[in-house]
Amino acid sequence: MATDEEKDEYFLNNYARIKYLMVLKKYDYKYDEDGDRVTDSTGNYVLESISDEEAAARKDLATLYYNNIKDGSKTMDEYLEEKYSDIAKTFPNGYYVVQNIYYSTLFTTTIITAAFDIEPGEVTMTENEDAYFIIERLELEEKAYEGADKSQFSNLSEYAVGEKFTAKFGEIIDAAYENENITGEYSVLTVD
């Protein structure tokens with residue numbers, strides 16, 4: 001079990017708080033008559049194909065968003081409220097992403113890598129094969145894992161313990177190897 005100090009240290013050294021906009025390259029969300037995104041029976045958002053002309057204009061759109069946020073003519077929060085008000089209300093403080101991409105299930109490697117390539121207060125734009133991402137990194141909120149955003153930290157204690165284990169036994173594990181001169185003398189029995 002991780003101590004409060006170990007959890008806090010892991011949080012400060014391995015998390016970033018971000019807000020981001022996503023501009024899909026080949027699809028768009030399907031909206032209902034109220035302007036809300038449509039979900040399927042499993043809760044996933046329904047996507048619709050867009051025309052080749054629309055797809056070609058998506059990079060320019062993403063670049064416009066990026067430049068407006070970067071120069072301050074529009075904020076990330078304004079765009080989020082316009083485009084994704086449901087997400088803006090659910091995660092008003094943004095998302096907390098963990099640096100170890102093996103732990104992240106919600107975010108693509110593209111977002112995580114870009115988030116840790118910038119400092120709090122900076123904005124960047126990146127892309128993968130599906131979308132352009134405009135990412136703003138924010139300052140961490142003190143002990144966010146205990147407050148309103150604690151649902152994003154369900155595995156924090158486990159991660160901190162893993163870090164402690166790796167720090168203690170990492171060198172030993174890395175130094176372990178199979179001595180084939182010895183293991184080659186013994187056969188492995190199989191059980192049917």
Side-chain angles (χ1 to χ4, degrees), residues 2 4-29 37 44-45 57-164 166-167:
D4 290 344
E5 184 179 278
E6 289 167 338
K7 285 192 286 189
D8 201 48
E9 183 178 346
Y10 190 85
F11 169 69
L12 293 172
N13 292 329
N14 293 281
Y15 277 85
R17 182 168 69 105
I18 64 167
K19 290 187 177 183
Y20 76 98
L21 283 172
M22 178 175 65
V23 178
L24 295 171
K25 290 182 173 181
K26 303 171 194 167
Y27 301 94
D28 208 348
Y29 293 108
R37 287 185 286 173
N44 292 316
Y45 291 114
R58 291 299 172 99
K59 184 170 186 174
D60 291 337
L61 181 63
T63 302
L64 174 69
Y65 292 163
Y66 168 71
N67 288 333
N68 286 345
I69 293 168
K70 192 165 174 79
D71 71 18
S73 59
K74 199 153 188 179
T75 67
M76 177 70 76
D77 286 336
E78 288 173 318
Y79 277 124
L80 288 172
E81 188 57 40
E82 285 176 16
K83 304 283 180 201
Y84 307 112
S85 63
D86 52 340
I87 293 173
K89 290 174 186 157
T90 305
F91 297 97
N93 297 321
Y95 296 100
Y96 287 87
V97 294
V98 64
Q99 191 166 11
N100 187 334
I101 60 172
Y102 299 109
Y103 292 157
S104 183
T105 56
L106 182 61
F107 297 96
T108 70
T109 303
T110 305
I111 291 175
I112 294 169
T113 302
F116 285 95
D117 282 345
I118 59 175
E119 296 297 319
E122 294 181 338
V123 178
T124 190
M125 186 169 115
T126 189
E127 67 180 286
N128 65 16
E129 62 198 37
D130 298 318
Y132 301 99
F133 302 99
I134 300 93
I135 301 163
E136 179 179 26
R137 184 165 174 182
L138 307 165
E139 292 286 344
L140 290 174
E141 293 189 345
E142 188 174 334
K143 296 198 183 289
Y145 53 87
E146 293 178 348
D149 296 312
K150 68 181 174 185
S151 65
Q152 297 186 57
F153 298 97
S154 60
N155 296 318
L156 176 64
S157 186
E158 177 186 321
Y159 299 161
V161 168
E163 181 92 349
K164 187 165 68 171
T166 301

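Since the model is a prediction, treat every value here as computed from it, not as a measurement.
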From [X] [atom1] over to [Y] [atom2], what is the distance, rounded to the nearest 0.5 angstrom?
X	Y	atom1	atom2	value
Met125	Lys59	CE	NZ	6.0 Å
Ser151	Phe91	OG	CZ	6.0 Å
Leu64	Asn68	CG	CG	4.5 Å
Met22	Phe133	CE	CZ	6.0 Å
Leu24	Leu61	CG	CG	11.0 Å
Met76	Tyr20	CE	OH	10.5 Å

Is any side-chain heavy atom of [X] less than 4.5 Å from a side-chain heavy atom of [Y]?
X	Y	result
Glu136	Tyr79	no
Asn14	Tyr159	no
Lys150	Tyr145	no
Ile69	Leu21	yes
Asn93	Leu138	no
Thr124	Asp117	no

Ignoring hydrogens, what is the shortest heavy-atom contact between [X] and [Y]? Give both atom names and the distance.
X	Y	result
Lys70	Val123	NZ-O, 4.3 Å
Pro120	Glu139	CB-OE2, 3.4 Å
Pro92	Lys19	O-NZ, 3.0 Å
Lys74	Glu82	NZ-OE2, 2.5 Å
Val161	Ala2	CG2-N, 3.4 Å
Glu141	Asp149	OE1-OD2, 4.0 Å

> With a 3.5 Å cut-off and no angle check, do the side chains of Asp77 and Thr75 form a donor-acceptor pair?
Replying inline: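 Checked: Asp77/Thr75 side chains show no N/O donor-acceptor pair below 3.5 Å.
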>> So, applying side-chain contact (heavy atoms from CB on, under 4.5 Å) with Thr108, which one of Asp130, Asn128, Thr113 is it?
In response: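 The single option meeting the side-chain contact (heavy atoms from CB on, under 4.5 Å) with Thr108 is Asn128.
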Would the number of heavy atoms belonging to other residues, nucleotides or ligands and lying under 6.0 Å from [atom1] of [X] be above 12?
X	atom1	value
Glu122	CD	yes
Phe116	CZ	yes
Glu9	CD	no

> With sequence neighbours left out, what residues match Asp28 under side chain to side chain contact (heavy atoms under 4.5 Å, CB included)?
Replying inline: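 In terms of side chain to side chain contact (heavy atoms under 4.5 Å, CB included), with neighbours along the sequence ignored, Asp28 is linked to Ile50, Arg58.
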> Is Arg137 reaching over with its side chain to a backbone N or O of Ile118, donor-acceptor style, under 3.5 angstrom?
Replying inline: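 Here the side-chain-to-backbone pair exists.
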> Relative to the ring of Phe11, is the ring of Phe153 parallel (under 30°), tilted (30 to 60°) or perpendicular (over 60°)?
Replying inline: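 Plane angle over 60°, so perpendicular.
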> Should the pair Tyr15 and Tyr10 be assigned to parallel (<30°), tilted (30 to 60°) or perpendicular (>60°) ring geometry?
Replying inline: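 Rings of Tyr15 and Tyr10: perpendicular, over 60°.
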